[in-house]
Amino acid sequence: MLHSALINVMVKAARRAGRSLSRDLGEVENLQVSLKGPANFVSAADKRAEEMLYSDLSKARPGYGFIGEEGGTREGADKTHTWIVDPLDGTTNFLHGIPQFAISIGLQREGTMIAGVIYNPATDDLFIAERGKGAFLNDTRLRVAARKQLHDCVIACGLPHIGRGDLPLSRDEMTALQPRVAGLRRFGAASLDLAYVAAGRLDGYWERNLKPWDIAAGIIMIREAGGIVSDIQTSGDPLITGDVVCGNETIHAELTKILRPLKT
Ligand code: IPD
Ligand code: CA
Ligand code: CA
């Protein structure tokens, strides 16, 4: 499958950082048994992957801005383009040797997401999207699932943990959704949750309090697969609010209708 030069740059960078994470995953599995545990090692793996991505992307597109989870914002001479990058999304999974994590690279032009690559090196799932050109998983064109009844749907969510997020609100959301769906899932890597909705593996997904690097690439993935993705309360840009809900048009509307009134 032929992709644009831009997508090729992103895929090459994701695959190189992916090889580094895969090597490090092997080491993490060894470190699990040590008393000190692998936490410091994982944060080094994370930073190493981000530096590789920064180096490859800025070499290929000099001047673009770069927002990375680890290194913060690096301004570029070109104020219209910004990479939004999570070098390791799903850190807790990675730390525990669970193969559900990804590198997420989004490209924004003047406030609009124009390209996204999400790559899980453990499964070799490579999700690609480019504005106006569709979304793909390993060269197969993606389309969101067509189910219209919530009770037939498998829906993913985020779960806030100690010290982060609104736990009572999350419990209210579970209480409201659990009896209405075929299955609720919590996978632990927001970028992959969004990519799975784009691929029709999941029918919908919502989560609050995310960061731009968790969702930038996933937003364009959903849109290019024909889905709807928005903020939960306002239907505005989730990249700005950090709260996200998505699915096909019907399921997005159903989820929004249930979730919105729960936040007072
Ligand atoms: C996290 C994952 C997780 C989500 C968290 C994110 P990280 O990103 O996407 O699924 O629930 O809120 O922070 O920390 O693993 O890059
Ligand atoms: Ca993340
Ligand atoms: Ca991360």
Side-chain angles (χ1 to χ4, degrees), residues 84 86 89-90 92-93 98 100-102 104 106 113 116 118-120 123 125 127 129 135 137 142-161 164-166 169-260 262-263:
I84 306 180
D86 193 337
D89 184 43
T92 307
N93 286 342
I98 300 169
Q100 181 76 2
F101 57 88
S104 178
M113 293 310 307
I118 297 168
Y119 178 53
N120 179 350
T123 58
D125 274 351
F127 298 90
L137 163 57
L142 299 182
R143 184 86 207 149
V144 290
R147 291 182 195 87
K148 300 263 185 246
Q149 304 289 336
L150 212 43
H151 59 75
D152 293 327
C153 289
V154 175
I155 305 291
C157 60
L159 282 181
H161 49 83
R164 234 189 90 177
D166 186 336
L169 173 59
S170 161
R171 280 193 285 268
D172 289 347
E173 291 176 341
M174 295 293 143
T175 307
L177 259 308
Q178 218 171 349
R180 289 178 155 112
V181 298
L184 266 187
R185 300 285 184 272
R186 188 331 182 214
F187 290 108
S191 59
L192 288 174
D193 291 326
L194 290 160
Y196 281 22
V197 173
R201 291 177 174 177
L202 290 168
D203 298 284
Y205 160 67
W206 89 93
E207 183 162 357
R208 296 185 191 264
N209 294 311
L210 291 165
K211 300 289 184 196
W213 44 82
D214 297 319
I215 56 178
I219 288 173
I220 182 159
M221 207 69 66
I222 301 268
R223 292 193 175 137
E224 287 298 320
I228 308 285
V229 54
S230 75
D231 169 53
I232 300 174
Q233 300 307 120
T234 65
S235 307
D237 187 352
L239 211 52
I240 294 169
T241 64
D243 294 350
V244 69
V245 56
C246 63
N248 67 33
E249 200 178 351
T250 310
I251 298 307
H252 172 269
E254 288 289 313
L255 290 175
T256 306
K257 196 168 72 192
I258 295 166
L259 295 168
R260 202 173 273 182
L262 298 176
K263 189 171 177 183

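- The minimum heavy-atom distance between Leu210 and Ala190, with the atom names listed, is CD2-CB, 4.0 Å.
- With rounding to the nearest 0.5 angstrom, the CG atom of Asp89 is 9.0 Å from the CG atom of Leu194.
- Looking at heavy atoms from C-beta onward, Leu259 lies in side-chain contact with Arg208 at the 4.5 angstrom threshold.
- Paired with Val229 under the rule side-chain contact (heavy atoms from CB on, under 4.5 Å), one option of Ile219, Leu239, Ile220 passes, and it is Ile219.
- Here Arg147 does not pair with Asp152 in a salt bridge; the nearest charged N to carboxylate O distance is not below 4.0 Å.
- Arg260 has its side chain within reach of Ser235: a pair of non-hydrogen atoms, C-beta onward, lies under 4.5 Å apart.
- No side-chain heavy atom of Val244 sits less than 4.5 Å from a side-chain heavy atom of Asp214.
- Nearest heavy atoms, Pro160 versus Ser170: CD-OG, 3.3 Å.
- Tyr196 has its side chain out of reach of Arg185: every pair of non-hydrogen atoms, C-beta onward, lies at least 4.5 Å apart.
- Counting heavy atoms from C-beta on, the side chains of Leu150 and Ile155 come closer than 4.5 Å.
- Distance check: Ile215 CD1 to Asp237 CG gives 7.5 Å after rounding to the nearest 0.5 Å.
- The CD1 atom of Ile251 lies 11.5 Å from the SG atom of Cys246; values are rounded to the nearest 0.5 Å.
- In this structure, the side chains of Thr250 and Lys148 come closer than 4.5 Å at one or more pairs of heavy atoms.
- Between Leu159 atom CG and Leu184 atom CG the span is 9.0 Å, to the nearest 0.5 Å.
- At distances below 3.5 Å, at least one donor-acceptor pair connects side-chain atoms of Asn93 with backbone N or O atoms of Phe187.
- Distance check: Glu224 CD to Arg143 CZ gives 10.5 Å after rounding to the nearest 0.5 Å.
- Minimum interatomic distance between Gly90 and Phe101 (heavy atoms only, all atoms of both residues): O-CB, 3.8 Å.
- Rounded to the nearest 0.5 Å, atoms CE (Met174) and CG (Leu262) are 11.0 Å apart.
- Using a distance-only test at 3.5 Å, with no hydrogens or angles considered, no donor-acceptor pair links the side chain of Asp125 to the main chain of Asn120.
- Within the 4.5 Å cutoff, the side chain of Leu177 has heavy atoms near those of the Leu255 side chain.
- Listed here is the closest heavy atom pair of Tyr205 and Gly158: CE1-N, 4.3 Å.
- In this structure, the side chain of Asp243 engages the main chain of Asn209 through a donor-acceptor pair within 3.5 Å.
- Glu254 and Arg180 are not joined by a salt bridge, as no carboxylate oxygen comes within less than 4.0 angstrom of a charged side-chain nitrogen.
- Arg201 and Leu137 make their closest contact through NH2-CD2, 3.5 Å (heavy atoms, listed as atom of the first residue, atom of the second, distance).
- Ile118 and Ala195 make their closest contact through CD1-CB, 4.1 Å (heavy atoms, listed as atom of the first residue, atom of the second, distance).
- Judged by distance alone, with hydrogens and angles left aside, the side-chain atoms of Asp203 form a donor-acceptor pair with the main-chain N or O of Val154 at under 3.5 Å.
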